[in-house]
Amino acid sequence: MDFIKKLLQTNQERGRASIQMTVESDFNLPDYEPDMIKLIDRKGTARIHETRIEPDQIVVNGALLFQALYKCTETGNICSLQGEVPFSETIHMEGVQETDHLILQSSMDDLSIGMINSRKLNIRALLELYAADQMEQQIQLPTGIDDPSVQALFQQQKMLQLLTQKKDICRIHSEILLPSNRPNISKLLWQSVQLRGFDSRMRPGEIELTGELLVNILYKGEDDEKQIQCMETTVALHENIECSDCDQDVLFKLVPLQTQLEVTPAEDADGENRVLMLEGLLDFYLRVWKEEELQILEDAYSLEDDLQLEHEQVRLQSLLVKNDSKFKIADQIPLENQPAEILQLCASVGEVFIEDSRIVPDGIEAEGVLKVRILYITASDEIPIGVAEGVIPFNRKIEAEGIHAGDTYELSAGIDQLTVILADNSQADIKAVIGLDTIVFRTQNTSLITGMNRQPEDLEQYEKQPGIAGYIVKPGDRLWDIAKEHHTTVADVMQMNQLSSDQVNRGDKLLIVKQMGTSTTI
């Protein structure tokens, strides 16, 4: 007996794991940098360089990259330095294999930089690594039987066919010209590049990425190195990722892994440092599915033989909902212990963290925080740069009608807009638009028929059954089960009882005649 089969390519999440780790090291100033009097500001990010899968574990190698602003001893000016602290960590994940696909992300919960002496710093950060193990699986779905003597029952089921699963890179290269009223760059002190309003849309053969890159810099000008210059500008993001499987009938999920963007000064055509080169990478993990509705063999029997069905438990995935939502939050951040009047806001750096999420009736409840760090210029010659930071919590319900505890979901967050306004010298008003990207999968454990064995009909048992029987339909009865139990076919029962469909109701009275050797498929 031959099955008619269709190959289904799926990706199943084998497991998730996360680990918190502390990265700590002492850092000596390079010989060419002046001594420190006081630290003013610090920022950092984690960068993953390499991942290696070993039996039941993932080895992650990376580095903590940091920037620091400090006051120099020689001139009293503001100086800066950059450095990195390498790390290696192991994430334990039972069952992970080299052939699996990993979605690995990192976040930095806290960074502290302390002075040990005028030439040495202590760097300490709390990092969190998240890993999701995506396993590719091929399933042979029985969609038909090439044997007219077999009664076959099929069920219609929606499922996701995986078309593409890969890591991809978007390369960024852009030139930013200083405005004519700005002095040439003598030394770049501090920089920040943030991705805002990120969006992705499907186009034939590609995925279009849009948004903007918000660039903030502090630098010393050539005219007066003691006068610190700050500048903010935006660069439009409009890039494409090749995707041969992309068309209007498919579904995709693009997960940002890490952003590696850096600004470096460069000379213009006149040989002056008036150009900023914005270069780097955006790393993504891309998955593309096509939703298909297929008929799958649910049950089978024969009126000529005794069929023994072989089953295998598999997990089939379908899409429940894809929800891209936005919401606004607003709050104030105190500017405490200011040594002098605030003259100008230089930069506002924001990060969104989802700290917890759970399934609730018809939705997902997400709890998180928006961390905001503000850099500003003061009227003080002693400490011309000031820093303030604050945390704004939020709680948001994401609509997902019909979701239940057995479903799986993926949730990511980003900043669409962030506005900081100086209310007075003691507080700043914060307004933000947060974007939540959510996809919910319905995962069903299905008993799939993988084979059949024919055995001779048990004639003794067959002869014990009555040739004609009356039957009163009970709650939950299907005509298929009634026909199978009484050794006949659905078509014969319908014809005998003049039924227009195979739907029966509790209390219906049926006349059933035992058959031998008839075939049909429903």
Side-chain angles (χ1 to χ4, degrees), residues 43 45 105 107-109 170 172 191-202 207-216 230-239 252-259 261 278 282 284 321-335 345-358 360 362-376 387-400 409-423 427-440:
K43 68 187 294 287
T45 185
Q105 297 171 288
S107 68
M108 186 175 63
D109 293 337
C170 178
I172 305 296
Q191 60 172 282
S192 171
V193 183
Q194 303 169 75
L195 179 59
R196 299 279 176 85
F198 178 73
D199 191 21
S200 55
R201 299 178 184 273
M202 188 170 296
I207 294 175
E208 180 185 53
L209 309 180
T210 57
E212 65 178 21
L213 299 170
L214 180 64
V215 180
N216 293 97
C230 65
M231 188 183 81
E232 177 178 284
T233 188
T234 58
V235 176
L237 174 67
H238 195 164
E239 302 289 340
F252 76 96
K253 173 69 174 176
L254 199 63
V255 180
L257 298 179
Q258 60 181 351
T259 301
L261 296 172
L278 172 60
L282 300 177
F284 297 98
V321 67
K322 192 174 188 298
N323 187 327
D324 298 331
S325 60
K326 303 181 191 301
F327 66 97
K328 298 178 180 179
I329 59 175
D331 207 338
Q332 293 182 327
I333 290 180
L335 308 176
L345 294 180
C346 295
S348 304
V349 179
E351 289 184 280
V352 181
F353 296 90
I354 301 295
E355 297 186 324
D356 189 24
S357 63
R358 66 190 69 87
V360 296
D362 289 330
I364 299 168
E365 186 176 19
E367 295 180 2
V369 295
L370 169 65
K371 292 185 178 181
V372 180
R373 191 170 182 83
I374 306 169
L375 203 65
Y376 53 87
V387 179
E389 55 188 344
V391 176
I392 303 174
F394 62 83
N395 184 291
R396 185 73 175 177
K397 179 182 177 180
I398 304 159
E399 298 297 328
Y409 63 89
E410 297 178 16
L411 173 62
S412 56
I415 300 176
D416 269 34
Q417 300 174 25
L418 176 62
T419 304
V420 179
I421 299 174
L422 191 63
Q427 63 184 14
D429 293 331
I430 311 296
K431 294 181 179 180
V433 177
I434 307 298
L436 297 175
D437 183 9
T438 311
I439 187 168
V440 183

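Note that the coordinates shown come from a computational prediction; the quantities given were computed from them, not determined experimentally.
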Using every non-hydrogen atom in the two residues, find where [X] and [Y] come nearest and quote the distance to one decimal.
X: I207; Y: S200; value: CG2-CB, 4.1 Å
X: K253; Y: S412; value: NZ-OG, 3.8 Å
X: K43; Y: Q191; value: NZ-O, 3.6 Å
X: V349; Y: S192; value: CG2-OG, 3.7 Å
X: V352; Y: L370; value: CG2-CD1, 4.0 Å
X: F327; Y: R396; value: CB-CZ, 3.3 Å

Drop me the distance from [X]'s [atom1] to [Y]'s [atom2], to the nearest 0.5 angstrom.
X: L278; Y: I172; atom1: CG; atom2: CD1; value: 7.5 Å
X: T419; Y: I430; atom1: OG1; atom2: CD1; value: 9.0 Å
X: D437; Y: K326; atom1: CG; atom2: NZ; value: 9.0 Å
X: C170; Y: L237; atom1: SG; atom2: CG; value: 6.0 Å
X: T438; Y: D324; atom1: OG1; atom2: CG; value: 7.5 Å
X: L418; Y: L214; atom1: CG; atom2: CG; value: 8.5 Å

Ignoring hydrogens and angles, tell me if any N or O in the side chain of [X] forms a donor-acceptor pair with the backbone of [Y] under 3.5 Å.
X: K371; Y: E389; result: no
X: E365; Y: D356; result: no
X: N323; Y: E399; result: yes
X: N216; Y: C346; result: yes
X: Q194; Y: G350; result: yes

Considering only NZ, NE, NH1 and NH2 on the basic side and carboxylate oxygens on the acidic side, decide whether E367 and R358 come within less than 4.0 Å.
->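 Judged by the 4.0 Å cut-off on N to carboxylate O distance, E367 and R358 do form a salt bridge.
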Neighbour count above 12 (heavy atom, 6.0 Å) for K397 NZ: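 Above 12, so yes.
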Looking at K328, I'd like to know if its NZ atom is crowded, meaning that more than 12 non-hydrogen atoms belonging to other residues, nucleotides or ligands lie closer than 6.0 Å.
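Incorrect, the count does not exceed 12.
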Could you walk me through whether I374 and L422 pass the side-chain contact (heavy atoms from CB on, under 4.5 Å) test, one step at a time? CA-CA 10 Å; I374 306 169; L422 191 63; over 6 Å; no
Tell me, please, which residues at least two apart from R201 pass salt bridge (Lys or Arg N to Asp or Glu O under 4.0 Å).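 Applying salt bridge (Lys or Arg N to Asp or Glu O under 4.0 Å) to R201 gives D199.
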Under the side-chain hydrogen bond (donor to acceptor under 3.5 Å, both in side chains) rule, collect the residues that match up with S357, sequence neighbours excluded.
->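 Here the qualifying residues are Y409.
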>> Determine whether Y376 and V420 satisfy the following criterion, side-chain contact (heavy atoms from CB on, under 4.5 Å), listing intermediate values before the conclusion.
In response: CA-CA 11 Å; Y376 53 87; V420 179; over 6 Å; no
Checklist entry - Testing T234, T259, L261 for side chain to side chain contact (heavy atoms under 4.5 Å, CB included) with L213, which one passes? => result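 Exactly one option meets the side chain to side chain contact (heavy atoms under 4.5 Å, CB included) with L213, and it is L261.
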